[in-house]
Enquirer: 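Have a look at this one before I ask anything.
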There are 2 protein chains.
Amino acid sequence: MTTDQKKAEKKVDRRVKYSKMVIKNSFIKLLKEKPIAKITIKEICALADVNRTTFYAHYIDQYDLLHQIESDLVDDVKDYLANYNPNAFDSTTAEMLEKILEYIKANAVLVDLLLNANGDISFEQDIIMILARLELLPTVIGEDMDKEDARYAFLFFANGCIGVIKQWLKDGMKKPTQDTARLIYDLITKGQEKFFPR
Amino acid sequence: MTTDQKKAEKKVDRRVKYSKMVIKNSFIKLLKEKPIAKITIKEICALADVNRTTFYAHYIDQYDLLHQIESDLVDDVKDYLANYNPNAFDSTTAEMLEKILEYIKANAVLVDLLLNANGDISFEQDIIMILARLELLPTVIGEDMDKEDARYAFLFFANGCIGVIKQWLKDGMKKPTQDTARLIYDLITKGQEKFFPR
DNA sequence: TAGATAATCAACACCATGTACAATAAATGG
DNA sequence: CCATTTATTGTACATGGTGTTGATTATCTA
């Protein structure tokens, strides 16, 4: 269930729901062809068969539209992971990672588009904040360690995850989610030792 | 020595050199204030006190200009690191990391701008490619390991490095370069074990 | 100094933009 | 089902950046 549908459960006018939907779909279609800077509001509306005035009723510009799409996706991920709440870094972290990868796989086209091709840096930051909020990564819990180093370590792991996921998407997600999750887990816990065991 | 100056050593017309310089400086100045999408060619030229026709003689648009600036920086980093050529992952890697951090510190304003605020994803990719080309990170050398996993591991470490560096820049590079290099080195080699020694 | 080359200037058509307002269509709540 | 509210449409308009042209001027290099 998407965020749009959830909001719609309240009392959003069907017309608004439809307009936003066709606008988003058209925009995403265009985003597959060219960078956002080359996409005009006029052509989004033409493709969506919607009046330009309608666009301005809901969005400021293309970038606002992009951010709303990204924001919806972020909310959706949060809902998807709402059930899981590991408060420590134990064996369930690998499962959590797998869960995330499964979600990404289910929304691969969009995520790949936003993360690899035509997204922006703020989207990556949002994803990293999700990871931070989930306390999925261990480094925030350390007590006797340097606070600053812990933050750096977290960012190292989080950005590492994103990097692997981006390539995984580019590779068409050939590698099973479970294996990929395991690989990421090992990289976090053991670093290169996994590859050069002593 | 910048790439521009190097090119100039051949035989680039002084006028061209000057035009490109003022255009770049003006653009960077504007980039500190607002995102690239809001920057017009007209205002770049106004600030640079250069005719708009001159801009079009050298660049296609703002994005082309940005990419040339990033590309120059990348070339500059390559030159800077040209002397160092570690072909294996040994103790000199930490020194190499420190060398890179020192370079970044010397060009902090620009790097922070391109990496944190208003750059694009391709710039990060370029940086990662530099790391790959340097064979600074170990995972490509493994023989008995899965090729695919090695690539993922490399991307994990490379993106992790970028993540730490970005935050380090945001923090105003308070932490000494040597300590930061050491931290990154430990994260690569030992993962979270550094923080949770067994 | 002479020739080559770059920058300037003015002018131009073009098109996306953002806004305004009236008219129309559709949805909601009773 | 009707009356009211609300969204969308259509039109029009001023604005401003764009990209290109050709001629002129300024500057560099050899």
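Residue numbering restarts at 1 for every chain, and letters A, B, ... go by the order of the sequence lines. Predicted, not measured: the structure shown is a model, and the values here were computed from it.
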Enquirer: Starting at the 5' end of DNA chain D, which residue's closest nucleotide do you reach first, B:E43 or B:R14?
Expert: B:E43
Enquirer: Over how many whole Å does the gap from A:D49 atom CG to D:dT8 atom P extend?
Expert: 13 Å
Enquirer: Can you measure B:Y18 atom OH to D:dT29 atom P for me and round it to whole angstrom units?
Expert: 16 Å
Enquirer: Please check this pair: side chain of A:N159 against backbone of A:L155, looking for a donor-acceptor N/O pair closer than 3.5 Å.
Expert: yes
Enquirer: Could you state the atom-to-atom distance from NZ of B:K20 to P of C:dA6 in whole Å?
Expert: 11 Å
Enquirer: Please evaluate the base of C:dA7 for a donor-acceptor partner in the side chain of B:R15 within a cut-off of under 3.5 Å?
Expert: no
Enquirer: Quick one: which of D:dG17, C:dA6, C:dA16 gets closest to the side chain of B:V16?
Expert: C:dA6
Enquirer: Near DNA chain C, under 4.0 Å by heavy atom, which residues of residues 52-62 of chain A?
Expert: A:R52, A:T53, A:Y56
Enquirer: Ring-plane angle category for B:F156 and A:F156, please: parallel below 30°, perpendicular beyond 60°, tilted otherwise.
Expert: perpendicular
Enquirer: Any base atoms under 4.0 Å from A:D13, or only sugar-phosphate, or nothing? Heavy atoms, all strands.
Expert: sugar-phosphate
Enquirer: Once you round it to whole Å, what is the distance between P of D:dG19 and NZ of A:K38?
Expert: 7 Å
Enquirer: Report the distance from atom NZ of A:K17 to atom P of D:dT6, rounded to the nearest whole Å.
Expert: 19 Å
Enquirer: Check whether any side-chain heavy atom of A:F123 sits under 4.5 Å from a side-chain heavy atom of A:L66, and report yes or no.
Expert: no
Enquirer: What is the distance, rounded to the nearest whole Å, between atom NZ of A:K11 and atom P of D:dT6?
Expert: 11 Å
Enquirer: Give the nucleotide from the list D:dT11, D:dT18, C:dC9 with an atom nearest to the side chain of B:I41.
Expert: D:dT18
Enquirer: I need the single residue from B:Y56, B:F55, B:Y63 that forms a ring-ring contact (aromatic ring centres under 6.0 Å, His included) with B:Y59. Which is it?
Expert: B:F55
Enquirer: At their closest point, which heavy atom of B:K38 faces which heavy atom of A:D61, and how far apart are they?
Expert: NZ-OD2, 3.5 Å
Enquirer: How about A:K29: does its NZ atom have over 12 heavy atoms from other parts shown lying under 6.0 Å from it?
Expert: no
Enquirer: For A:I39 and A:N51, take the nucleotide of DNA chain C holding the closest heavy atom to each; which residue's nucleotide lies nearer the 5' end?
Expert: A:I39
Enquirer: Does any part of the side chain of B:L101, heavy atoms only, come nearer than 4.5 Å to the side chain of B:M173, both counted from C-beta?
Expert: no
